[in-house]
Amino acid sequence: MADADLHFYFDPVCPFAWMTSRWVRAVQARRGYGVDWRFISLRLINAHVDYDAHFPPGYETGHTSGLRLLRVAARVRAEHGREAVAPLYREFGTRIFDSAPPADEAAAAHHRGTAAFVEPVLADLGLPADLAAALDDDSWDATIQAETDEALSLTGRDVGTPIIHVDPPTGAAFFGPVISRLPDEDDAVALWDHVVALTRFPGFAELKRSLRELPQLRALGVGEDEVGVQEDWHGGSRRTKH
């Protein structure tokens, strides 16, 4: 999307990317922005990390499912155009995060990377079921790696997801912002304007705290009228060892 007002790099299994994407979509609706939804893979970022030693249990399965879903997204984009990525990501995120907490999170994390999860999504979007074959096709990983590298080249490597690039190719890019609550429409636009104004100052580098509320997502057990518990995300991730 050559005329996009911003590029949004997402991993479909990241809850913070999903929450931020909902906020960006709200701003997009008010401002009429063009958004190009691009790929960044947590699994590829952590390709050389010992998950058992560095992450809580289950993270490798979840991140691997995210990579598998991005393979499908890459094939959908290649065969059905860049505009097909936005509704695909929306459907992925809705099914992962806007439903009741799973009884078995490990099983749910694995299921997200399977044809049984993807094929109903494709059907609801009117896309061919055979696109699900991309789940197992690692030839798409080069495309995903290239966009992951592209995103990290804009911000540096000590970040997570999402990454937003405003007014590409020369505008500001940043990790986040990490938000745990979805603002209403007026506050969404005001928050956007404040964030962008800050990042457009040439000397600005970082504004950060590692304490985060668990996002207001049903799948995480936090209702829209509740405030999630605070956790300390070391260096912007759940890595327990660095």
Side-chain angles (χ1 to χ4, degrees), residues 1 3-40 42 85-94 96-98 150-152 154-156 158-238:
M1 189 181 295
D3 58 348
D5 298 291
L6 59 118
H7 297 163
F8 189 106
Y9 297 84
F10 70 93
D11 186 306
V13 300
C14 176
F16 290 102
W18 175 243
M19 180 62 77
T20 302
S21 77
R22 293 176 63 195
W23 165 60
V24 166
R25 289 179 195 267
V27 174
Q28 180 185 20
R30 290 284 293 269
R31 291 284 174 82
Y33 289 149
V35 180
D36 190 17
W37 301 90
R38 299 192 173 198
F39 312 140
I40 181 170
L42 292 167
V85 178
L88 183 69
Y89 179 32
R90 183 180 60 241
E91 292 302 318
F92 282 162
T94 298
I96 294 171
F97 298 114
D98 293 348
E150 176 183 278
L152 296 178
L154 297 167
T155 60
D158 188 23
V159 296
T161 55
I163 288 173
I164 298 176
H165 190 187
V166 180
D167 296 328
T170 59
F174 48 89
F175 159 53
V178 174
I179 59 173
S180 295
R181 312 180 197 182
L182 185 66
D184 63 30
E185 290 187 1
D186 289 336
D187 287 342
V189 172
L191 177 60
W192 175 261
D193 288 340
H194 292 316
V195 168
V196 172
L198 181 64
T199 59
R200 281 178 172 160
F201 173 63
F204 174 76
E206 183 175 25
L207 179 67
K208 184 176 182 179
R209 60 182 177 187
S210 61
L211 291 176
R212 302 184 184 180
E213 297 171 1
L214 202 62
Q216 290 178 327
L217 300 173
R218 289 185 62 205
L220 301 183
V222 184
E224 292 183 358
D225 58 345
E226 298 176 323
V227 176
V229 297
Q230 276 198 344
E231 299 175 322
D232 195 343
W233 283 57
H234 313 283
S237 77
R238 291 302 307 276

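Note that these values count all heavy atoms, side chains included, but never hydrogens, waters or copies made by symmetry. Just so it is clear, the model here is predicted, and its values are computed rather than measured.
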Value rounded to 0.5 Å, distance of [atom1] in [X] from [atom2] in [Y]:
{"X": "D11", "Y": "I163", "atom1": "CG", "atom2": "CD1", "result": "11.5 Å"}
{"X": "L182", "Y": "L191", "atom1": "CG", "atom2": "CG", "result": "10.5 Å"}
{"X": "T161", "Y": "F39", "atom1": "OG1", "atom2": "CZ", "result": "14.0 Å"}

When the side chains of residues 164-179 are checked against the rest of the protein, which donor-acceptor pairs come out under 3.5 Å, sequence neighbours left out?
| unit_1 | atom_1 | unit_2 | atom_2 | d |
| --- | --- | --- | --- | --- |
| H165 | NE2 | G171 | O | 3.0 |
| D167 | OD2 | R200 | NH2 | 2.4 |

Under the ring pair (Phe, Tyr, Trp, His ring centres under 6.0 Å) test, residues paired with Y9 that sit two or more places apart: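 Here no residue qualifies.
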
Pair listing, salt bridge (Lys or Arg N to Asp or Glu O under 4.0 Å) test, anchored in residues 15-27, at least two apart: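 Those involving residues 15-27 do not exist here.
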
With R30 via salt bridge (charged side-chain N to carboxylate O under 4.0 Å, His left out) - residues at least two apart: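 Once residues adjacent in sequence are excluded, the partners of R30 under the salt bridge (charged side-chain N to carboxylate O under 4.0 Å, His left out) criterion are E185, D186.
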
Partner set under salt bridge (charged side-chain N to carboxylate O under 4.0 Å, His left out) for D184, not counting sequence neighbours: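 Scan of D184 (salt bridge (charged side-chain N to carboxylate O under 4.0 Å, His left out), adjacent residues dropped) gives none.
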
Which residues share a side-chain contact (heavy atoms from CB on, under 4.5 Å) with R31, sequence neighbours left out: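 With neighbours one apart ignored, the set is V27, Y33, V189, W192, D193.
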
[X] versus [Y], closest heavy-atom pair with distance:
{"X": "R38", "Y": "H7", "answer": "NH2-CE1, 3.1 Å"}
{"X": "V159", "Y": "G156", "answer": "CG2-O, 3.4 Å"}
{"X": "I40", "Y": "G160", "answer": "CD1-O, 4.4 Å"}

Any P215 side-chain heavy atom under 4.5 Å of F97 side chain: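 They are not in side-chain contact.
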
W18: which of Y89, F92, W23, F8 passes ring pair (Phe, Tyr, Trp, His ring centres under 6.0 Å):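 Of Y89, F92, W23, F8, ring pair (Phe, Tyr, Trp, His ring centres under 6.0 Å) with W18 is met by Y89 alone.
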
